[in-house]
There are 2 protein chains.
Amino acid sequence: MDLTERKLKILQAVIADFIRTAEPVGSRTISKNYELGSPATIRNEMSDLEELGYLTHPHTSSGRVPSEKAYRLYVNELMKKRELTQEQKDAIARDLYSNVTELENLIERAAHVLSEITNLTAFALSPEKEQDKLKYINLLPVDPKTVVLMLVAESGEVSNTAVRLDKPASEDTLRILAKNMTYNYSGKTLSEALTTDIIKTFKADAEAMAMFEHNIAPSFIKSLEDMLNVNLYMDGLTNIFSLPEYNDIDKARNFFELVNRKQDIMQKLSSRGDGVLITIGGENEDEELSDCSVITATYHVDGKLVGKLGVIGPTRMKYGEVTSVVEYLTDNISKAFRLTEGEGDDS
Amino acid sequence: MDLTERKLKILQAVIADFIRTAEPVGSRTISKNYELGSPATIRNEMSDLEELGYLTHPHTSSGRVPSEKAYRLYVNELMKKRELTQEQKDAIARDLYSNVTELENLIERAAHVLSEITNLTAFALSPEKEQDKLKYINLLPVDPKTVVLMLVAESGEVSNTAVRLDKPASEDTLRILAKNMTYNYSGKTLSEALTTDIIKTFKADAEAMAMFEHNIAPSFIKSLEDMLNVNLYMDGLTNIFSLPEYNDIDKARNFFELVNRKQDIMQKLSSRGDGVLITIGGENEDEELSDCSVITATYHVDGKLVGKLGVIGPTRMKYGEVTSVVEYLTDNISKAFRLTEGEGDDS
DNA sequence: GTTAGCACTCGCAGCGATAGAGTGCTAACA
DNA sequence: TGTTAGCACTCTATCGCTGCGAGTGCTAAC
């Protein structure tokens with residue numbers, strides 16, 4: 001790793017140029033635009049860099065292209081995180097908060113903003129809710145044989161489902177059931193609630209029990225599952241059409257088919273580590289992503305809810321810029337939601 | 001329009017062949033595969049058909065391609081709606097009902113199934129809810145300064161929002177407000193509720209009024225708007241990559257950019273008429289759709305909720321087959337939901 | 001009215017020639 | 001010893017040319 005100063009500068013120049021133009025970079029170009037010596041000198045240095053594995057050659061008589069190793073070095077040491085300008089920050093904030101009332105909404109917007117700024121395909125996962133706790137459960141009569149099962153979580157999320165009953169239920173019965181449920185489940189995390197054997201925890205008369213078991217419990221489980229569900233938002237899919245690496249129709253097709261498998265994508269993303277994480281080309285375990293880079297970051301809401309967002313694009317991407325934006329966005333989501341939740345926490 | 005029998009048959013043959021192969025159809029092909037005369041005869045007839053505007057010529061020495069006028073004739077008179085086989089119907093039903101509990105879910109699935117069967121891009125709009133009526137409104141205390149505003153509509157849809165209050169509210173106050181709201185709004189359609197001047201209809205003490213006006217009314221309006229919102233589901237976007245007409249990267253790009261503008265698409269779709277509707281190429285008012293055909297159909301739930309689904313694809317599409325599938329699907333959605341709703345209507 | 005035959009048109013794949021970008025190597029220079 | 005100018009060489013991309021094949025339109029015969 002003991003590259004000379006000049007080699008580092010040349011490498012950086014090649015990477016910068018290639019990221020900008022997507023064309024192999026020749027020695028003359030570097031020589032002209034940077035004060036690093038004559039084309040011949042640059043050539044010699046480039047030749048060394050190639051031997052060291054930082055550059056490659058599409059064919060003998062073409063310029064140099066950075067290897068994954070080069071990008072890795074760039075990301076770790078050379079790249080400067082470009083701090084966003086105030087204007088950019090303002091623009092992001094404006095876009096992000098316009099017309100947003102719910103977290104899901106904010107997340108969706110974040111994916112949108114991210115794709116707009118980076119000109120890449122962006123995604124965002126709504127928070128994982130394993131740690132969210134049930135706070136309050138209620139059963140509300142709508143008509144004699146319909147009740148609404150309402151669950152409120154500590155995060156503020158509310159779920160409700162209309163439940164059909166086999167026989168009419170008295171308000172009393174409902175009240176008892178709801179009380180019982182709240183007593184047994186409030187304070188439990190959603191996943192705990194889901195794995196608790198529901199029936200055993202109950203005390204009520206036979207009729208109420210039967211109703212609970214046959215009508216309410218299934219809906220309760222379904223609601224919990226729904227609340228636990230993580231949503232994936234994607235945006236900027238068509239941005240790849242502007243990238244020369246996807247000019248080939250088959251490449252474009254593969255990309256779309258990849259990102260269309262939402263289940264796969266969600267799994268891949270959620271298995272990634274925390275913080276800002278950059279994986280380049282073959283560093284992605286996934287064969288299909290071997291010529292893409294993926295940048296993800298984690299946002300936290302109230303130190304409990306955790307979600308991810310990021311971009312996917314060709315290995316040639318503006319790592320510095322994208323990283324800054326992704327960081328800024330995750331910070332802002334955390335802030336925005338601590339704020340909303342905070343309004344109430346002081347009571 | 002007084003085409004001879006043979007001309008009609010030839011036209012039909014050309015259309016069928018072109019729909020299958022996407023290649024201009026030559027006279028020899030027709031002559032070999034159908035008993036309609038020698039190549040020379042067919043050529044003469046084709047020449048006539050061209051003069052009448054039913055066929056065109058990409059260039060002098062290539063086969064014939066059907067014009068939009070030809071497709072229109074085909075759709076109106078020549079095409080046989082291919083009744084689905086029992087297997088196909090079963091497969092659809094299986095796909096459609098697997099794991100479906102809510103209407104939204106069913107609609108989303110319908111779009112999926114439709115795209116799978118037709119190999120085209122399919123979309124489905126969730127029902128318009130202007131005619132849905134409010135049935136029941138409730139305000140439920142969660143903690144001293146949080147209540148949940150719950151709206152239940154006659155269609156069974158339930159909406160709720162957590163509302164933060166400026167000051168704690170007593171259960172009594174909430175009960176009075178909820179009663180008042182139910183009294184004033186139940187039986188009103190969602191749009192009526194939205195246009196009713198909310199404050200005027202109220203009678204309550206000053207404090208309750210203030211709380212209603214500042215905290216609850218805005219959430220109420222938002223909830224109504226949410227409930228009125230129509231969702232667009234699309235599926236099978238990548239199917240166009242299998243179509244030769246989208247082998248050109250620019251064509252593909254345009255298509256994706258078109259269907260990505262969801263707002264536009266929704267507007268275009270909802271402004272279309274009822275029943276099964278086929279628009280071919282230039283018949284679409286929209287410039288961008290001028291080389292596409294669009295087939296939509298309307299589904300009804302309980303004779304009240306109305307939504308649309310359909311496909312979009314090149315003018316060369318299997319009109320007969322697609323029409324049948326679209327019809328079968330809309331019928332089944334109507335049935336499926338009359339069923340679910342029906343369970344309760346007998347009470 | 002139908003059909004065989006034939007000249008003609010046009011798109012397309014394959015081929016070679018050419019230009020241009022860029023390298024690697026050698027030799028000279030500081 | 002490191003740097004640089006010069007030059008031969010390599011490889012790609014582009015253009016024009018050619019020949020092939022598919023298909024037409026027309027004419028004349030049936």
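Reminder, nothing fancy here: chain letters follow the sequence lines and each chain counts from 1. Please read these numbers as outputs of a predicted model, since none were measured by experiment.
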Original post:
What is the distance from CD of B:E23 to P of C:dG11, rounded to the nearest Å?
Top reply: 15 Å

Original post:
What's the CZ-C1' distance between B:R28 and C:dG5, to the nearest Å?
Top reply: 13 Å

Subject >> Earlier contact from the 5' end, DNA chain C, for A:M46 and B:P39 >> reply: B:P39

Subject >> Short side-chain N/O contact from A:T41 to OP1 or OP2 of D:dG2, under 4.0 Å >> reply: no

Original post:
Is it the case that B:R272 and B:T279 place a side-chain donor and acceptor less than 3.5 Å from each other?
Top reply: yes

Original post:
Atom NZ of B:K7 to atom C1' of C:dT2: distance rounded to whole Å?
Top reply: 13 Å

Subject >> Audit row: B:E321, B:K80, salt bridge (Lys or Arg N to Asp or Glu O under 4.0 Å) steps and yes/no >> reply: CA-CA 9 Å; B:E321 203 177 304; B:K80 358 179 189 3; over 6 Å; no

Subject >> Length of the line joining B:R43:CZ and C:dC6:P, which is rounded to integer Å >> reply: 13 Å

**OP:** Rounded to the nearest angstrom, tell me the gap between atom CG in A:L49 and atom P in C:dT23.
**Re:** 13 Å

Original post:
What is the distance, rounded to the nearest whole Å, between atom CD1 of B:I42 and atom P of D:dG23?
Top reply: 13 Å

**OP:** Please check the phosphate of C:dC10 (OP1 and OP2 only) for any side-chain N or O of B:T60 closer than 4.0 Å.
**Re:** yes

Subject >> Base-pairing assignment for D:dG25 (Watson-Crick or G-U wobble, both under 3.5 Å) >> reply: C:dC6

Original post:
Can the positive tip of B:K69 be found less than 6.0 Å from the middle of the six-membered ring of B:Y54, inside 45° of the ring normal?
Top reply: yes

**OP:** Scan side-chain atoms only and decide if B:R253 and A:S242 contain a donor-acceptor pair under the 3.5 Å cut-off.
**Re:** yes

**OP:** Check whether any side-chain nitrogen or oxygen of B:S61 sits under 4.0 Å from OP1 or OP2 of D:dT24, and answer yes or no.
**Re:** no

Original post:
Does D:dG25 have OP1 or OP2 sitting under 4.0 Å from an N or O in the side chain of B:R64?
Top reply: yes

**OP:** Tell me whether the OP1 or OP2 atom of C:dG1 has a side-chain N or O from B:R6 closer than 4.0 Å.
**Re:** no

**OP:** Decide yes or no on side-chain contact (heavy atoms from CB on, under 4.5 Å) for A:E5 and A:L8, but give the supporting numbers first.
**Re:** CA-CA 5 Å; A:E5 176 109 355; A:L8 276 178; 5.8 Å; no

Original post:
Whole-Å distance between C:dT9 P and B:H59 NE2?
Top reply: 13 Å

Subject >> For atom CD of A:E5 and atom C1' of D:dG2, their distance in whole Å >> reply: 17 Å

**OP:** Under a 3.5 Å limit for both distances, which nucleotide forms a Watson-Crick or G-U wobble pair with D:dC20, could you say?
**Re:** C:dG11

Original post:
Are any of B:S62's side-chain N or O atoms less than 4.0 Å away from OP1 or OP2 of D:dG23?
Top reply: no

